[in-house]
Amino acid sequence: MTSDIYSIGVMMNELLTGEILAEHKATYKGKLLPVINRCIQIDYNKRFQSVQELQNVLSTYEKTWGILLRNKKKFLAGCVGILVILVLSAGYIKNRMQWPNLEQAYFEEISPRELLENAKVDYKLQKLLGVKYDYVKECLYMIDTEVQFSDGVYYFEGQMPGLYNFMEAAISLSENEEIECAFLEDGKCNYYASDDALYDSPSYWMKNWLSSYEDYTIQFHDKSENESSDITGSYIREDSSAYITLQETEEGKYSVKGTATWGTNTGEIEGELEQINSQQFLYIEFPGEEYQSELKIVVYDDKLFVETLQGQFGGLNVTFDGTYKK
C-alpha cells in the first residue's frame, strides 16, 4: 500500500532526526533525503509502489541503511517495528488524508491554518496554484479570525504586510472538495478555481471579495479554456442616473455607448474600447490631446465597475463612475 510507504518515509525522517515532518517536508538533510522525499509525496503515484522497490533503492546505500539491509532478519525486524507503529498511527494518517469536516471546523472554531495543513487540501491547493502556491501561502501569513460558512462553503482571508505593497489572499473550501483562491499581485486580482463552473459563478463570499477590488485588473486564470460569457448588453447604474451599452464589433472588438446626467448637465461616451484583458477595458476620449480623458470599465458577474482615470465626460459634476447592473 502506498499509504504505508508514506508512513515509512515519515518514520524514517523521525528515526534519523528525532523530529516530525514540517509542513509535509522532511527535516532530515542527509544522503537519504531523496528516498524520504519520494516516500512522502502527496501524489501517491509518485511514491515507491511497493516495499520491495523501496528495499531495492535502500540497498544501494552503503551507510545508515546498507548494513541493515545486508542482514535481512534485522531489516524484517525493523519493518515489523515500523508496521506496529503504523497500526497505532493509522487513524491519524487516515484523518490527515481525508477532506476536513468544514461545518464542524466552523462551529468548533478550529483554526483555518489547521485546514490548510490537511494533506488533501494542501495537495489540491498546490495543484491548483502551481508556481503561485508559495506566494499565496505567504499572503496567508496572518489569517483573519473571522471566517464564514454557508451553503457548505468555508471561507477565510489572510494578509501579509509587504514593504511596498499589501499582500492579501482569500480561500474558500467546499464540502464537495472544491477550492477557490483569489489573491492580489502586481495590481491584479487573480482568481483560481478547481471547478470550471466556479469561473462563471464564484461562491458568495469569494464574489464579494473580488467585487471589493474592482479597482484592480481582475484576472480569471484558465478562463480562456472555457467558453466566454456574453458581456454585451445594457447596464444601468445603481442610482439610475447613467447607463452604458457594450456591443461587439464585426472585428471581434468591443464598443461602448452611454449617457450620464447630473441635474441639467449631461455627459456622453461613444466609441471603441481598448481591451486590457477578458474583464477590463479602457475608453479614451481625445487621445493624445491636452484634454484626453480615460475611463476604466471592469466587467464581472453581469456588472460593470466604472472609474474615471483622467479628465471628465460631460458637464459639471457629471461622472460615469459607479457600479452598473445588467
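Because the structure is predicted, anything quoted here is derived from the model rather than measured. Because only heavy atoms are used, hydrogens play no part in the values below, and waters and symmetry mates are left out as well, while side chains stay in.
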Plane angle bin for His221 and Tyr192 - parallel if under 30°, tilted between 30 and 60°, otherwise perpendicular: parallel
Starting from Val57, can I reach Val10 by hopping between I/L/V/M/F/W/Y residues whose side chains sit under 4.5 Å apart? yes
Any idea how Tyr106 and Tyr154 line up, ring-wise: parallel (<30°), tilted (30 to 60°), or perpendicular (>60°)? perpendicular
Is Tyr283 reachable from Ile231 through a run of hydrophobic residues whose side-chain heavy atoms are each under 4.5 Å from the next? yes
Under a 3.5 Å distance rule, please check whether Gln41 uses its side chain to pair with a backbone N or O of Asn37 as donor and acceptor. yes
Nearest 0.5 angstrom please: Ile40 CD1 to Ile8 CD1, how far? 13.0 Å
Please confirm whether Arg38 makes a cation-pi placement over Phe48, using NZ or CZ under 6.0 Å from the six-membered ring centre and within 45° of the ring normal. yes
If we ignore angles and hydrogens, is there a donor and acceptor under 3.5 Å between the side chains of Thr245 and Ser234? yes
Taking the side chain as everything from C-beta on, heavy atoms only, tell me whether Pro202 gets closer than 4.5 Å to Trp209. no
Tell me if a side-chain donor or acceptor on Gln159 pairs with a main-chain N or O of Met142 at a distance below 3.5 Å. yes
When you measure from the side chain of Tyr199 to the backbone of Ala193, do you find a donor-acceptor pair of N or O atoms at a distance under 3.5 Å? yes
Exam field: side chain Gln310 to backbone Gln292, donor-acceptor pair closer than 3.5 Å: yes
Cluster overlap Leu102 with Phe107, hydrophobic side-chain contacts below 4.5 Å: yes
Taking all heavy atoms of Ile179 and all of Trp99, pick out the closest pair and write down the distance. CG1-CH2, 3.7 Å
Atom CG of residue position Leu282 - does it have more than 12 heavy atoms of other residues, nucleotides or ligands inside 6.0 Å? yes
Enter the distance from Ser255:OG to Leu246:CG here, rounded to the nearest 0.5 Å. 8.0 Å
Just so I know, are the side chains of Lys326 and Val299 near enough to count as touching, which here means a heavy-atom distance under 4.5 Å? no
Would you say Glu178's side chain and Ser174's backbone share a donor-acceptor pair under 3.5 angstrom? no
Do Phe156 and Leu116 have side chains that approach each other closer than 4.5 Å (heavy atoms only, starting at C-beta)? yes
Would the number of heavy atoms belonging to other residues, nucleotides or ligands and lying under 6.0 Å from NZ of Lys188 be above 12? no
Do you reckon Tyr243 sits in the same ILVMFWY cluster as Leu273, going by side-chain contacts under 4.5 Å, direct or chained? no
Does a donor on one side chain sit under 3.5 Å from an acceptor on the other, for Glu251 and Thr249? yes
Do Ile110 and Phe149 share a hydrophobic cluster, counting only Ile, Leu, Val, Met, Phe, Trp and Tyr and linking them when any side-chain heavy atoms are less than 4.5 Å apart? no
Heavy-atom check, side chain of Tyr204 versus side chain of Val153, under 4.5 Å: no
Does any non-hydrogen side-chain atom of Ile171 lie less than 4.5 Å from one of Leu115? no
List the atom of Ile36, the atom of Leu16, and the distance in Å for their closest heavy-atom pair. CD1-CD1, 4.2 Å
Count the heavy atoms belonging to other residues, nucleotides or ligands that lie under 6.0 Å from CG of Asp151, then report whether that count exceeds 12. no
Interatomic distance, Gln280 atom CD to Ile297 atom CD1 [nearest 0.5 angstrom]: 10.0 Å
Could you tell me whether the side chain of Arg113 and the main chain of Leu140 form a donor-acceptor pair under 3.5 Å? yes
Might you point out which heavy atoms bring Ile20 and Glu14 nearest each other, and give the distance in Å? CG2-OE1, 4.0 Å
State, to 0.1 Å, how close Met206 and Ala182 come at their nearest heavy-atom pair, and which atoms those are. SD-CB, 3.7 Å
Distance check, rounded to the nearest 0.5 Å: Arg47 atom CZ versus Asp43 atom CG? 8.0 Å
Are the side chain of Asp144 and the backbone N or O of Glu146 linked by a donor-acceptor pair below 3.5 Å? no
Gly9 and Cys39 have their tightest heavy-atom pair at CA-CB, 3.5 Å
Under a 4.5 Å cut-off applied to non-hydrogen side-chain atoms, are Met12 and Val35 in contact? yes
Residue pair Arg237 / Thr261: nearest heavy atoms and the distance that separates them: NH2-O, 4.4 Å
For the residue pair Ser172 / Glu180, report whether a side-chain donor-acceptor contact shorter than 3.5 Å exists. yes
Using the ring pair (Phe, Tyr, Trp, His ring centres under 6.0 Å) rule, pick out the option among Tyr133, Tyr135, Tyr191 that qualifies with Phe183. Tyr135
Just wondering, do Lys253 and Gln275 contact through their side chains at under 4.5 Å, heavy atoms? no
